[in-house]
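One structure is given here, and the rest of the page talks about it.
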2 protein chains.
Amino acid sequence: MSPAEQPQPHRTADVRRPTLNAVAARAGVGRGTVSRVINGSPKVSARSRAAVEQAIAELGYVPNRAARSLATRRTDAVALVVPDAETRLFSEPYFSGIIRGVSTGLAGAGMQLLLVLTGDEKEHGRLAAYLAAHRVDGVLMMAVHGDDTLPDRLEELAVPTVLAGRRSDRERLGHVRADNRGGARLAVRHLLAGGRRSIGTITGPLDMDVARARLDGYREALREAGVAVAEDLIAAGDFTEEGGRVAMRELLRRHPDLDAVFAASDVMASGAVLELRAAGRRVPHDVALIGFDDSIVARHLDPPLTSVRQPLEEMGRTMASLLLEEIAHHGTGRREVVLPTELVVRGSA
Amino acid sequence: MSPAEQPQPHRTADVRRPTLNAVAARAGVGRGTVSRVINGSPKVSARSRAAVEQAIAELGYVPNRAARSLATRRTDAVALVVPDAETRLFSEPYFSGIIRGVSTGLAGAGMQLLLVLTGDEKEHGRLAAYLAAHRVDGVLMMAVHGDDTLPDRLEELAVPTVLAGRRSDRERLGHVRADNRGGARLAVRHLLAGGRRSIGTITGPLDMDVARARLDGYREALREAGVAVAEDLIAAGDFTEEGGRVAMRELLRRHPDLDAVFAASDVMASGAVLELRAAGRRVPHDVALIGFDDSIVARHLDPPLTSVRQPLEEMGRTMASLLLEEIAHHGTGRREVVLPTELVVRGSA
DNA sequence: TCACCCCGTGGGACCGCTCCCACGCGGCAT
DNA sequence: ATGCCGCGTGGGAGCGGTCCCACGGGGTGA
């Protein structure tokens, strides 16, 4: 950090809060005893405990986090790292849901949540050092890309880390993800159950694990139904609306007779709808359509989009608890948790 | 905080980071000098500075925030408080845009961003104490309700605070808001320019300042165009889709001949669209429609919704800088900043 | 040449907490 | 009665910074 970036020195309004010493004096006990009461140590007599608790209440004492942190070498804070490029994704329920869960999960443990939006990968070196340097007890990362090296750096630095989603199926760090494959299977089974047989899919970028998993689920569902998987019914999108539109156009060109599409995201599905409409195909009459994410656009599409929902809040809570565990018992954690998805049936399929 | 809530004691991996003392030893200078270099004091000879900077680089030294915080009685952190009830609003670009701006604005000053989701108002007492107790240097609050007392508590506790939006036109705390009135005026002028004359409006809950401001803008635009404001062209919504739908139905009942509607939010507009469609009115042919917020639903409505956009990221940045100023020069701040809105014209009007 | 000043510097004294050692005291076995 | 044990307890010694005082040395003016 260059000197120029330093905030100007100042002092906050000098209303000094009561210290642990003040509590001790008022309660007529030593500092050690107060500390024990605050930290719930059992080795305190009922009398002392009562006296201390009363003094705390009377003084409105709240422990100074910085002092505690300095002494314990803990921070009681974790960082939630969100790549800046993905902040438009904030707009998706994805982030809000997960953040909510994370927040709930942490609050119970008295942990603070630091929100860190990172720019490009160039910053990652600095960021890793920053996070490692007694800043936070652990790190949660969202929207990790397959080639993101920040998690590895954090691992080297022995910073407990939990990811939302994995970078690949060889992910070594602890992470939480939705059952993307299972969700895709649900979607495609639903299409099959509706009598559709020529089912295309619009995938996400295949260097992303989610995209691959959803494609796998598509393949599995067809296979288990004894339907041959035609490779030209698979079109690659990029999780954008325009990408979905282009992919849909391509699918229609290759298979004018197709009667259903599973899109690996709602946003791509919304692009597909536009293209289908332009091509004079009615949804769901001519072509049934299912998306993934159950995002806001799903409800507002015409017709409303059938979509696969992930248990976002639970994912967030799980991330929090995995991280807390990893923080408490270094190295024990590093587990992966897969949570079930669910099909939300609306008008489009 | 009850003892039971306390995290179990533990130590993070004891890879001790270099301290300021280590840097001093390595550079062959005193602690004071190192501190001066880090904090950009001019009272350091070039020779010492160079030596210190080299030692810092070699050791990979990063100052310990807790220690600094303890000594300075600052935290270099601010809290962003978001009412939990509103977290679904995360889904709106509103939050993501503002958070982004805030994050950018703070990063430059080396400030950390603490995300705090609060539950019901009952928590506010605890929260205020918590925030005041040396936790953060300042507080940013989003989605403040007119009757929210947390800001007042913070004010009493002399915690620098900046709000997103104001609670009423008598707001005493520093805040940043969009020119809601002006935005509404833009919308209604656009409808008038399109030849519409029987223009209704769907308002938000009128106990909210934004809602009142947008209604005021509606009235002003009509008045300045010499169009009489018919009170029965005003229907109250509640910023929800269903509310928008109900309000639209009511407007159609009262004024079957109406030819345009200004909805105080996109979400309400999306409800209105459904109702208009159900009533066989074509948008924009029979009834032109404009929303507010330029949210995602706007782009995905059919037809795409003309809407008023707020400069969200700039609002966030401004909030950050107001807060930093207030923190630096206690009491100087407490300003209000109103940022201009802009009409994004799409298919619906 | 001497007094004075100022600049750069080292290091002591905190900031408020936790950790842990040592101590006092009552109860039990000897 | 004496020794021993263990429970509660007080308080010293840090944790890693900042602040500020006091001090040495070179330059300036008398």
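We name chains A, B, ... by the order of the sequence lines, and we start the count at 1 in each one. None of these values were measured; they are calculated from a predicted model.
Nucleotides of DNA chain D nearest to Gly32(A) and Lys43(A) differ in position, and the one nearer the 5' end is that of Lys43(A). Comparing Ala67(B) and Ser45(B) against DNA chain C, the residue whose closest nucleotide sits nearer the 5' end is Ser45(B).
The interatomic distance linking Arg47(A) (CZ) with dG8(D) (C1') rounds to 11 Å, in whole Å. Distance Arg68(B) CZ to dG16(C) C1': 18 Å, rounded to the nearest Å. Here dT9(D) presents its P atom at 9 Å from CZ of Arg49(A), a figure rounded to the nearest Å. Here the P atom of nucleotide dT18(C) and the CG atom of Leu70(A) are 11 Å apart, to the nearest Å. Taking atom CZ on Arg74(A) and atom P on dT18(C), their separation rounds to 9 Å, with Å as the unit. In this structure, Leu20(A) atom CG and dC15(D) atom P are separated by 19 Å, rounded to whole Å.
A salt bridge between Arg335(A) and Glu325(A) is present, with a side-chain N of the basic residue lying under 4.0 Å from a carboxylate O of the acidic one. The residues Asp137(A) and Arg73(A) are annotated as not salt-bridged, no charged nitrogen and carboxylate oxygen being separated by less than 4.0 angstrom.
Nearest nucleotide to the side chain of Arg36(A), out of dG17(D), dT9(D), dT9(C): dT9(D). Picking from dT9(C), dT18(D), dG8(D) the nucleotide with the shortest atom distance to the side chain of Ala71(B) gives dT18(D). Across dC19(C), dC17(C), dT9(D), the shortest atom-to-atom separation from the side chain of Ser48(A) is found for dT9(D). Of the candidates dC17(C), dC19(D), dT9(D), the closest approach to any side-chain atom of Thr72(B) belongs to dC19(D).
Of all the heavy atoms in Met319(B) and Met141(B), the pair that sits closest is CE-O, 4.2 Å.
For the pair Arg73(A) and dC15(D), the criterion of a side-chain N or O lying under 4.0 Å from OP1 or OP2 is not met. Taking only side-chain nitrogens and oxygens, Asn21(B) never comes nearer than 4.0 Å to OP1 or OP2 of dG17(D). The side chain of Asn64(A) contributes no N or O atom lying less than 4.0 Å from OP1 or OP2 of dC15(C). Between Ser35(B) and dT18(D) there is a side-chain N or O to OP1 or OP2 distance below 4.0 Å.
Under a 3.5 Å cut-off, the side chain of Thr33(B) and the backbone N or O of Val29(B) do not form any donor-acceptor pair.
Ser48(B) and Ser45(B) are linked by a side-chain donor-acceptor pair at a separation below 3.5 angstrom, with hydrogens and angles left out of the test.
Evaluation of atom-type donor-acceptor distances gives no pair under 3.5 Å for the side chain of Arg65(A) against the base of dG16(C). The base of dG12(D) sits within donor-acceptor range of the side chain of Arg31(A), with an N or O pair under 3.5 Å.
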